Structure formats: structure tokens, C-alpha cells
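Take a look at the structure set out below.
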Number of protein chains: 4
Amino acid sequence: MDADARSARHPGRPRRAATDAAIVRAAVELMTKGGVQATTLTAVAKRAGVARATVYLRWPTRSALIGAAARAAVGGQVLPLTGNVEQDIRGGAGFIQRVFERASTPAMLPEIVRGVLANPPEISFEAVAPRRREFARLYRAGAEAAGLDPTVDPHLAFDILLGTAIAHLLANGRPMAEAEAEKLAEVIIAGLRVPRPA
Amino acid sequence: MDADARSARHPGRPRRAATDAAIVRAAVELMTKGGVQATTLTAVAKRAGVARATVYLRWPTRSALIGAAARAAVGGQVLPLTGNVEQDIRGGAGFIQRVFERASTPAMLPEIVRGVLANPPEISFEAVAPRRREFARLYRAGAEAAGLDPTVDPHLAFDILLGTAIAHLLANGRPMAEAEAEKLAEVIIAGLRVPRPA
Amino acid sequence: MDADARSARHPGRPRRAATDAAIVRAAVELMTKGGVQATTLTAVAKRAGVARATVYLRWPTRSALIGAAARAAVGGQVLPLTGNVEQDIRGGAGFIQRVFERASTPAMLPEIVRGVLANPPEISFEAVAPRRREFARLYRAGAEAAGLDPTVDPHLAFDILLGTAIAHLLANGRPMAEAEAEKLAEVIIAGLRVPRPA
Amino acid sequence: MDADARSARHPGRPRRAATDAAIVRAAVELMTKGGVQATTLTAVAKRAGVARATVYLRWPTRSALIGAAARAAVGGQVLPLTGNVEQDIRGGAGFIQRVFERASTPAMLPEIVRGVLANPPEISFEAVAPRRREFARLYRAGAEAAGLDPTVDPHLAFDILLGTAIAHLLANGRPMAEAEAEKLAEVIIAGLRVPRPA
DNA sequence: TCCTAACCGAGACGGTACGTCCCGTCTTTCA
DNA sequence: TGAAAGACGGGACGTACCGTCTCGGTTAGGA
């Protein structure tokens with residue numbers, strides 16, 4: 001959509017692309033440091049070295065900006081998938097574990113939850129977990145061959161991985177360790193494995 | 001300590017106990033209907049039939065009140081535990097599924113996440129998931145006898161149950177269905193079962 | 001009226017007379033130190049070592065209490081009058097000058113003005129300047145004999161004395177000095193003297 | 001300095017000049033109708049058709065606004081002075097009498113007294129009686145030529161005029177009549193006249 | 001000597017104003 | 001047109017105070 005915006009020749013002075021990035025970066029930093037309530041539009045604008053009105057030229061609402069910041073902070077990396085289901089579960093565990101270890105993820109999580117559950121939604125869950133759908137497609141396609149239960153909801157493995165990371169963070173105040181993530185992957189794989197005929 | 005507080009006769013006019021409940025109830029209702037942003041102190045006080053200042057006599061802050069409402073709405077029910085680990089995992093799945101089906105839980109979830117991750121924390125996770133600790137104790141005590149992996153983090157089963165419920169809600173916008181929760185319990189149990197000697 | 005209150009035998013525990021005085025004294029002190037806005041009922045009660053409700057047993061309103069304090073602080077002394085008009089003008093100047101020199105008078109003045117001009121009046125001007133009426137009576141009776149203008153408003157001399165003290169305080173932030181008061185009295189007397197036949 | 005402020009182009013949207021006036025007018029009207037206690041910021045803002053925050057952009061405090069209103073209501077008119085001392089005393093009496101006859105003056109008086117005597121002062125007396133200083137200068141310059149006592153405090157005539165108007169208002173609840181003011185001027189002039197050589 | 005009405009301290013409570021802060025919009029000037 | 005700056009309407013927040021009320025405990029004086 002950036003391409004669209006650029007190709008449609010607008011008259012007048014063009015927007016500085018760097019400004020967008022500076023604003024989002026400022027928002028992420030403020031969220032990380034002080035949470036949502038510290039992420040005032042005034043504060044964001046000041047930190048980005050930009051006028052408040054300039055922010056409103058790009059995002060219609062504070063919520064929209066915070067949503068953009070959340071996406072940028074969390075949905076930026078893309079989980080690599082291979083099609084080998086077992087390997088993808090293990091890889092997914094490691095990926096999610098690393099994402100949660102970055103300070104911005106716990107900082108953004110409350111806003112993501114709020115935005116996703118808002119009515120109407122302010123953040124699309126797809127935007128923050130862009131590979132969930134693909135993960136399910138690959139599970140559907142490759143589970144049986146890998147000896148995993150093909151009757152189960154194909155999103156289940158992904159949801160367990162992500163959900164457990166969230167629950168662990170909430171319960172302990174810190175993200176899962178690498179070893180815990182690996183163990184989790186093993187439990188999921190074992191749980192989904194179809195019982196071998198005796 | 002309630003006993004102490006009650007026995008130590010405080011001077012002055014005593015607080016009306018009903019007021020506490022009315023305020024929390026009003027807060028929960030407003031949260032459920034309109035989310036956090038609709039849960040104005042003015043609105044809560046009005047709905048509870050109480051002066052705004054009266055609310056501040058009991059909770060120092062809007063956040064504190066919302067935290068109390070969240071605890072009341074979600075931590076109110078207590079997961080029954082038997083000591084039979086397999087049965088408790090299945091029961092836990094059903095319990096969590098039912099809790100998430102009540103409208104107040106999705107409504108409160110964003111605030112719970114915010115409050116638990118806030119710095120300093122405004123909500124103790126124990127308060128909203130009071131049986132997690134006991135669940136882990138029972139797992140530690142009974143896993144081996146039940147043929148489940150005793151080397152794994154004893155909280156793991158609980159965290160998977162709760163976390164998956166959260167992830168499912170975020171991904172689909174609606175809570176897990178009963179059948180899904182049952183399937184989840186089976187996967188967890190199978191995943192934790194120690195490989196039987198061939 | 002105190003006598004009335006005492007003679008009408010009230011049942012129950014009688015009021016401690018000292019409490020009234022302590023409350024008024026506290027009010028005057030607070031007014032003198034911090035002005036009206038510092039004279040909170042809470043502060044007065046605390047300083048008097050008394051419960052807030054106790055104050056309301058004696059005065060129906062904060063305004064009423066402040067009015068009482070004003071009367072006590074300013075109307076306490078009574079201007080001595082002799083009937084010799086010239087002498088009473090000079091004496092009045094000195095008296096007013098001394099009253100304004102006490103710190104409580106400038107402190108109370110704003111409240112007195114407010115209370116006297118309030119609608120309905122909360123303070124009767126008679127209560128703070130109890131001898132104005134008598135002064136006028138004596139002027140009416142003795143002016144001609146003293147060679148002073150009998151056709152003028154008999155309150156005029158008193159009003160000039162008091163008013164000039166107020167204006168001087170407002171303009172300079174400090175009360176009139178003794179010499180200034182004496183000079184003022186001379187000007188008034190000279191101004192009121194009927195022109196001697198050439 | 002207004003010129004400076006105007007020439008030094010301030011960035012941003014300029015303040016609407018009409019708003020200042022509307023707020024002050026609303027404050028004066030409310031004071032006149034209901035006294036200080038009716039002059040709520042909310043009421044002022046509402047009557048001026050302005051947001052409460054807008055008022056706070058111009059005056060830091062309710063007191064400051066009320067002070068401004070007092071100045072505007074009372075200090076607005078300027079006593080015309082001629083340099084002819086006798087004539088100026090008579091003119092001053094009439095002027096003050098007319099100022100006190102306007103309903104806003106008695107309404108504002110308590111606040112003026114409070115503000116002038118506050119510590120620190122919130123209203124400068126110069127602002128409400130801007131010609132007192134000039135009056136004294138002219139008296140000092142012209143008293144002797146006019147046959148008036150040059151040794152007396154040159155502010156005295158003015159202070160008597162203003163003070164007597166205040167005292168009269170306090171004592172009677174209504175301002176001096178025109179005839180009374182004229183008589184007062186005559187008494188002052190006679191009182192200040194140096195005794196003619198026999 | 002006991003009863004009883006009133007006093008008194010303490011603090012809850014409804015109500016309301018204050019002053020601060022933020023949002024989203026607007027109106028200016030300058031590039 | 002973009003962008004900086006800041007005014008503006010609107011509204012919530014947390015604090016403070018008023019005047020009323022409701023407790024518990026105390027204290028004088030009459031029965």
C-alpha cells in the first residue's frame with residue numbers, strides 16, 4: 001500500500017518517510033519504558049521530534065498508532081516454516097521464545113490483547129501472528145505423513161505454543177527460557193502423535 | 001486477618017459493606033458492556049449509586065478499582081482439584097473453558113494482562129488464577145503415580161490449558177468450545193505420558 | 001441570651017463553654033495566619049482539639065463560624081465615648097488606629113466585608129462596629145454646642161474615620177500610623193467646624 | 001510591551017481576543033448576580049461559551065480570574081483630573097459615588113479587599129484605583145496654591161473619599177447618594193484649608 | 001446509684017469545585 | 001500541500017472541602 005500511496009502522484013510537499021518510522025519507534029520505546037499510559041500522543045510527538053498534528057496526518061487515532069507500534073514491534077519478524085511439521089513445531093517454539101525475550105513484547109502484549117479483543121477490533125490478530133494461518137495449512141497438509149493426529153484443529157499446535165508463552169509470562173513475570181520452550185515442543189509433538197499400533 | 005480487622009473496633013462511622021460490592025459490580029458490568037474506556041469512575045459511581053469520593057475511600061486509583069473488578073470477575077470461581085492428576089487436567093480444561101465463556105472474562109482479559117504485567121504489578125496473577133500453585137503441587141505429588149512425566153515443570157499443564165484458552169480467544173474472537181477443551185486435555189495428557197516400556 | 005440558655009434547664013450533659021472559645025480562637029488564628037481559604041472547618045476543628053461535628057453543634061455553617069470569629073476579633077473592644085464630640089472624634093481615631101494595628105484586623109477584614117455585603121447578610125455591621133450608632137447619637141446631641149456642623153449626617157465623622165483606615169490599609173498594605181490618625185482627626189474636626197462669623 | 005508582544009510573531013494558532021473579554025464579562029456578571037461563591041469556573045466557562053481548560057490557558061487560578069474581573073469592573077473607568085485641587089476633590093467624590101452606584105462594585109468589593117490584602121497580593125491596589133498616585137502628585141504640586149494644607153499626606157483626600165464610600169456602603173448596605181458625596185467633598189476641602197490669617 | 005439524654009471523637013458519605021492532563025480538531029505561519 | 005506550534009472544546013482524573021450521618025464511648029444531672 002506504500003507503493004500505491006507513492007504512485008498516486010499527490011500534489012504539494014511529499015511526506016517524509018522517515019517521519020513515520022520515527023513516530024513508530026518513539027511509540028514503541030515509550031510503551032516499553034512506561035506502558036500504555038505513558039504513551040501519550042504528546043509524548044510520542046515530542047520524542048519523535050514532530051508536531052502532534054503531524055501524527056494525526058498519518059494515523060487517525062491514538063489507538064491506531066499504538067496498534068501500528070504493536071504490529072511493528074511484534075509482527076515484524078516472520079516465523080520461517082519448512083513444511084516439516086515436527087520441525088516447524090520445534091522451530092515455532094524457539095521463535096516464539098525469542099520474540100518474548102525482547103523487552104518490547106511484554107510491553108506491547110497488553111495493548112495487543114486490548115486491541116484484538118476491542119469491539120470493533122483495532123488490531124487484527126493476523127497482523128501480529130502473520131504465520132498462524134500458514135502454520136495450520138502446513139499442519140493440515142503434513143500431519144498425517146508425520147504421524148501426527150490429523151483430526152485435531154490444525155491451529156492447535158500454534159495456539160498452544162503462543163498461549164503457553166503468554167501464560168508463562170503472566171504467571172512468572174518473565175518469558176519462558178529456551179529449555180522450557182524445547183520441552184514444550186516435545187510435549188506437543190508427543191501429545192499429537194497418533195498412537196502406534198501395539 | 002479479617003478477624004483481626006473486625007475485632008479491632010475502628011472508631012467513626014463504619015463503612016457500609018454493601019457499598020464495596022455495589023461498586024465492584026458496577027465496574028464489572030461497565031467493563032463487560034463497554035470495555036475499560038467506558039469504565040469511568042464517574043460512570044461506576046453513578047451506576048453504583050454512590051458518590052465519586054466514596055469510591056476513592058476504598059481504592060486509591062481507577063486502576064486499583066479495575067484490578068479489583070478483574071479479580072472479582074475472574075478469580076471468583078475456584079477450580080476444584082481432586083489429586084488425581086489426569087482427572088484434574090480434564091477438569092481444569094472444562095473449568096477454564098466455562099470461565100472463558102462468561103462474557104466478563106474476555107471483557108476483563110485486557111485489563112488483567114495490563115495489570116499483571118504493569119510495573120509495579122497492579123494485579124497479582126495468583127489473585128486471578130488462585131489454584132495454579134495448588135495444581136502444580138498436586139502434579140508434583142501425583143504425576144509419577146499417574147504415569148505422567150515427573151521431570152517437566154509441574155505448572156506446565158496448567159499453563160498450557162490457560163494459555164491455549166487465551167490464544168484461542170485472541171485468534172478466533174470467541175472462546176474455545178467444550179469439545180475443543182476436551183481434545184486439548186487429551187493432547188496434554190498424551191504429551192506428558194511417559195513412554196511405556198516396550 | 002446566654003442567661004436564657006442556662007436558665008432553660010436542658011437535660012443531658014451540658015456543653016463545655018471552653019469549647020466555644022477554643023473553636024473561635026482557632027478560627028481567628030487560622031484566619032490571621034492563612035486567610036479565609038486556610039480556615040477550613042477541618043483545620044479549625046483539629047486546631048481546637050475538637051471533632052468537626054462538635055463545631056456543627058454550635059454553628060450551623062462555616063460562614064456562621066467565620067462571622068463569629070470576625071465579631072470576636074474586631075468587635076471585641078468597645079470604643080469609649082464621652083459625649084464631648086471633639087474628644088470622641090480624636091479618641092475614635094486613636095481607637096480605630098489601634099484596632100487596625102492588631103494583626104487579626106487586616107486578616108479578618110475581607111471576611112467582614114464579604115459577610116456584611118452578602119445577600120442575605122451573614123454579619124451585621126452593628127456587630128463589628130457596635131458604637132457607630134451611639135457615636136451618631138452623641139454627635140446629633142452635641143455637635144452644635146461643640147461648634148460643629150449640625151446639618152451633616154451625624155454618622156459622617158465615624159464613617160470617615162473607619163473608611164480612611166480601611167482605604168489606607170488597602171493602599172499601603174499596612175495600617176495607619178498614630179500620627180496619621182491624629183492628623184485625620186484634626187482634618188475632620190476642622191472640616192466640620194461651622195465657619196465662625198467674620 | 002503590547003506592541004512587542006504583537007510584533008514578535010508567536011507561532012501556532014493565536015488566541016481569540018474575544019474569548020478573554022467574554023470570560024471576564026461572564027465572571028463579572030456572575031459575581032454581580034450571585035457573589036463569589038456563585039462564580040464557579042465551570043459556570044464562568046459555560047456562560048462565556050468556552051471550555052474550562054481555555055480559561056486556564058489565560059489565568060492560572062480561579063483567584064487570578066476573579067482578580068482580573070475585579071480590575072475590569074472597577075478599575076475600568078479612569079477618574080479625570082484637572083490639576084485644580086479643589087475641583088479634583090469634588091470631581092473625585094462624584095466619580096467615586098457613581099462607581100459605587102453600579103451594581104458590580106459592591107459585588108466585587110469583597111473580592112477586591114481579599115485580593116489586595118492576600119499574602120502574596122493577588123490584586124494590586126494600583127490596578128483598581130489607578131489614579132490615586134496621580135491625585136497625590138497633583139495635590140503635592142497644587143495644594144499650597146489652592147490654600148490647602150501642604151503638610152498633610154497628599155494621598156489623604158483621596159483615601160478619605162474612597163474610604164468613606166466603602167464605610168458608607170458597609171454601614172448602610174447601599175452606596176452614598178450624590179448629595180452625601182458633595183457634602184463629603186466640602187468637609188474635606190474645609191478640613192484641609194489652611195487657617196486664613198485673621 | 002442508676003438511667004438517660006446529650007456531648008464528643010472519629011470517620012463514612014453525597015455532593016461539588018478545583019486544577020491538571022490528555023484527546024482530537026482547528027487555525028495560524030512558514031517552507 | 002506538509003509541517004510546526006499552539007489554541008480550543010470536551011471530558012476524566014484525583015484531591016479537597018462542606019454539611020450530614022452514624023457509630024462508640026463518655027459525662028452530667030434527675031429519679
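Residue numbering restarts at 1 for every chain, and letters A, B, ... go by the order of the sequence lines. No experiment lies behind these values; they were computed from the predicted model shown.
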If you look at every heavy atom in V36(A) and R62(A), which pair is closest and at what distance? O-NH2, 3.1 Å

Distance, rounded to the nearest Å, where W59(D) contributes CH2 and dC18(E) contributes P: 15 Å

Expressed as a whole number of angstroms, how long is the span from R15(B):CZ to dC13(E):P? 7 Å

Could you check S63(A) against L57(B) and say which one's nearest nucleotide on DNA chain E is further toward the 5' end? L57(B)

V50(D) or L41(C): which one's nearest nucleotide on DNA chain F is closer to the 5' end? V50(D)

Out of dA5(F), dC8(F), dC8(E), minimum distance to the side chain of P11(D) belongs to dA5(F)

Between E122(A) and R114(A) (salt bridge meaning N to carboxylate O under 4.0 Å), is one present in this structure? yes

Please state how far atom NZ in K46(D) lies from atom C1' in dG9(F), giving the value in whole angstrom units. 15 Å

Between CG of L117(C) and CD1 of I112(C), what distance do you get to the nearest 0.5 Å? 11.5 Å

Mind calculating the distance between CG (L65(C)) and C1' (dG19(F)) to the nearest angstrom? 13 Å

Distance, rounded to the nearest Å, where R58(D) contributes CZ and dA7(F) contributes C1': 8 Å

OH of Y56(B) versus C1' of dG14(E): gap in Å, rounded? 16 Å

In whole Å, what is the span from the CZ atom of R13(D) to the P atom of dG6(F)? 14 Å

T39(D) side, atom OG1; M108(D) side, atom CE - distance, nearest 0.5 Å: 7.0 Å

Please classify the nucleic acid contact of A53(D) as base, sugar-phosphate, or nothing, using heavy-atom distances under 4.0 Å. base

Could you give the distance from CG (D20(C)) to CH2 (W59(C)), rounded to the nearest 0.5 Å? 4.5 Å

To the nearest 10°, let me know how far the axis at one end of the helix from dT1(E)-dA31(F) to dA31(E)-dT1(F) is tilted from the axis at the other, five pairs an end. 10°

OG1 of T42(A) to CZ of R52(A), rounded to nearest 0.5 Å, is 4.5 Å

What pair of heavy atoms forms the shortest contact from V74(C) to V128(C), and how long is it? CG1-O, 4.0 Å

Choosing from dC8(E), dG19(E), dG6(F), which nucleotide comes nearest the side chain of R62(D)? dG19(E)

Once hydrogens and angles are ignored, does a donor-acceptor distance under 3.5 Å link the base of dG24(E) to the side chain of R52(A)? yes

Considering heavy-atom distances to DNA chain F, does G49(A) or Q37(C) have its closest nucleotide positioned more toward the 5' end? G49(A)

Out of dA3(F), dG11(E), dC8(E), minimum distance to the side chain of T54(C) belongs to dC8(E)

Among dC13(F), dG19(F), dG11(E), find the nucleotide with the atom closest to the side chain of T61(C). dG19(F)

Both P14(D) and T39(A) contact DNA chain E. Which one's nearest nucleotide lies toward the 5' end? T39(A)

For dC23(E), does OP1 or OP2 lie under 4.0 Å from any side-chain N or O of T42(A)? yes

Can you name the closest pair of heavy atoms from V113(B) and P110(A) and give their distance? CG1-CA, 3.8 Å

